[in-house]
Amino acid sequence: MSDDLAAIRTELVALLPRLRRFARALTRHAADADDVLQAALEKALARIGSWQPGTRLDSWMFTIVRNTWLDEVRARRRRGEVDVLDTALATVPAAEGSVDDTLSVQRAMESLPEEQRSALLLVLVEGLPYREAATVLDIPIGTLTSRLARGREALQRLLGGRSEP
Amino acid sequence: MSVDEETLMRYVDGELDAEQHAALARRLASDPPLAARIAALEQQRDRLQRAYGAELSEPVPAALRAVLAAPAPAAAVADLAQRRARGAARARRWAGREWAAMAASLALGVIAAQLWSAGRAGPELALGAGGLVARGRLAAALSEQLSGEGDAGSGVRIGLSYRDRAGAFCRAFVLQGARPVSGAACRVDGSWRVGVAVASPAAGASGELRTAASELAPAVLRAVSDDIDGEPLDASAERAGRAAGWQVPAR
């Protein structure tokens, strides 16, 4: 069992860059992202037994990261803090001579509702199959599909077809 | 027969079964408009992947690795607020801050460009080595004005004052004008570093007088709420800060 645990820890270490990227895009705040990820890792280790071997460890972790963040958002709402979940960020126009496509794309993603952003991140960025992504988000596959479609449309509206490498 | 958008999306995402996939692939050769729609979806996906690709090669903070290296599962500390209260995260937060500062300076470049293009950067904001820095009447108001005072002819209102997590004095402000700019600046190394600045849409048509705080853009409020350490300064703490030239008292 302890060997298994060691193996899972090693896998988790390998997943850290992806988990961190997901947490950042989700929370839209680098310091929050690291706090959320740290809490999520602690939770994962504390209930490592609930991960089923044979299922994807990355999906399991994405689920925990997102739930940790949603819990945090709820806690902040209860404390009456500024709502950070779907608050529109500084609207920086994507085009208008912007030099950095990375920044434009990330800003556009940040302006999407969390549910569309998460769907796009999991499927298009992380490459999860629809079924896995739907499980992470705890929604039916049809709901995932429509969130993906709406998210893609919104991105297209925000960014247009321009695509500089 | 037209193909609906969802089918195209599933095609691009590899979610069609082999037979459907092959059938659609065959059609593409003789249907340029269809091929173009597919290409657009693929382009969007590739662009998204590129935009998030670089982050994978960033070093992961040691604190995150340390969680996984801990000998036993850490005691369940689920609530972030609880953990923040412990103050154990001090060192880690600094690592986070470095990244946050980097991300902020990237974002600031765009914001600065936006402000300039809106003709609002003017003499009040300058892009220095450490990012966007307050100048002119904005810098003067940040140094001199108290938050309750109104704009006192300076064209700047101070919304609130606070200490950030690094301990610096910070002030949220609104630069009045046809297109007001709201933001927050912190006193670092003798200048007011503007961590966030947002050009508002044209001033409210109602023309009614609002409080300075209500004019702070949501993004600014959010940034303040992320960075604030404790409560906003009260009037006496604010005066004390001003008297000390906004220098952080030695601990």
Side-chain angles (χ1 to χ4, degrees), chain A residues 9 12-13 16-18 20-21 24-25 29-32 34-39 41-43 45-46 48 68 71-72 75 79 81-82 84 87-93 96-98 100-107 109 120-121 123-125 129-130 145 148-149 152 155-156 159 161 163 165, chain B residues 5-6 9-10 13-15 40-41 43-52 54-58 60-61 63-65 67-70 73-81 83-84 89 92-93 95-97 99-100 103 106-107 109-111 113-114 117 196 198 217-219 221-222 225-226:
Chain A
R9 282 168 192 257
L12 286 175
V13 170
L16 282 177
R18 284 176 65 208
R20 198 159 175 247
R21 167 170 79 172
R24 274 194 200 153
H29 189 274
D32 276 346
D34 281 352
D35 284 351
V36 163
L37 183 49
Q38 177 146 4
L41 290 169
E42 286 171 359
K43 275 192 210 171
L45 291 179
I48 198 81
T68 302
D71 287 347
E72 170 69 7
R79 296 197 297 268
E81 293 176 24
V82 177
V84 292
T87 311
L89 291 190
T91 46
V92 178
E96 293 191 23
S98 159
D100 190 344
D101 195 55
T102 292
L103 202 57
S104 306
V105 173
Q106 293 197 0
R107 292 291 126 174
M109 283 286 278
L120 291 172
L121 286 169
V123 172
L124 296 184
V125 178
Y130 286 11
T145 313
L148 277 176
R152 273 173 149 135
L155 268 192
Q156 188 64 25
L159 295 168
S163 170
Chain B
E5 200 64 21
E6 188 183 314
M9 186 178 90
R10 288 159 56 83
D13 293 340
E15 293 281 335
L41 283 171
Q43 218 175 23
Q44 188 187 51
R45 177 199 57 202
D46 295 347
R47 190 173 174 193
L48 207 54
Q49 287 177 351
R50 272 199 307 273
Y52 286 97
E55 282 178 48
L56 288 185
S57 43
E58 276 173 31
V60 173
L64 289 175
R65 291 175 183 278
V67 177
L68 296 173
V77 182
D79 186 18
L80 291 178
R83 188 161 33 152
R84 283 185 170 133
R92 186 171 43 78
R93 196 175 295 295
R97 283 192 69 84
W99 159 253
L106 270 177
V110 175
I111 291 168
Q114 185 200 17
S117 72
V196 56
V198 180
L221 288 171
R222 197 180 87 86
S225 125
D226 280 341

| Roughly how far, to the nearest 0.5 Å, is the CG atom of A:Leu37 from the CG atom of B:Leu64? | 5.0 Å
| Any side-chain heavy atom of A:Thr102 within less than 4.5 Å of one from B:Arg50? | no
| Does any N or O in the side chain of A:Gln106 come within less than 3.5 Å of the main-chain N or O of B:Ala51, such that one atom is a donor and the other an acceptor? | yes
| Where A:Val125 and B:Gln49 come nearest, the two heavy atoms and their spacing | CA-CG, 4.4 Å
| remark: Test salt bridge (Lys or Arg N to Asp or Glu O under 4.0 Å), reference B:Glu58, set A:Arg18, A:Arg21, A:Arg24, output is A:Arg24
| Counting N and O atoms only, with roles assigned by atom type, does the side chain of A:Arg9 sit under 3.5 Å from a partner on the main chain of B:Leu68, one being a donor and the other an acceptor? | yes
| task | Verify, without hydrogens or angle tests, whether B:Glu15 (side chain) and A:Pro129 (backbone) share a donor-acceptor contact under 3.5 angstrom. | result | no
| Of the backbone (N, CA, C, O) and the side chain (C-beta and beyond), which part of A:Leu148 lies under 4.5 Å from a heavy atom of chain B, both, or neither? | both
| query | Relative to chain B, which segment of A:Val13 carries a heavy atom at a distance below 4.5 Å: side chain, backbone, both, or neither? | reply | both
| field | B:Met9 side chain near A:Tyr130 side chain, heavy-atom distance below 4.5 Å | value | yes
| query | Going by heavy atoms in the side chains, are A:Leu159 and B:Gln44 under 4.5 Å from each other? | reply | no
| remark: Most heavy-atom pairs under 4.5 Å with chain B, out of A:Val105, A:Val123, A:Leu120, belong to A:Val105
| query | How many angstroms lie between CD in B:Glu6 and OG1 in A:Thr145, if you round to the nearest 0.5 Å? | reply | 5.0 Å
| Do B:Leu48 and A:Leu121 have side chains that get closer than 4.5 Å, going by heavy atoms? | no
| message | So for B:Glu5, is it side chain, backbone, both, or neither that comes closer than 4.5 Å to the heavy atoms of chain A? | response | neither
| From B:Leu41 atom CG to A:Arg152 atom CZ, the distance as rounded to the nearest 0.5 Å | 5.5 Å
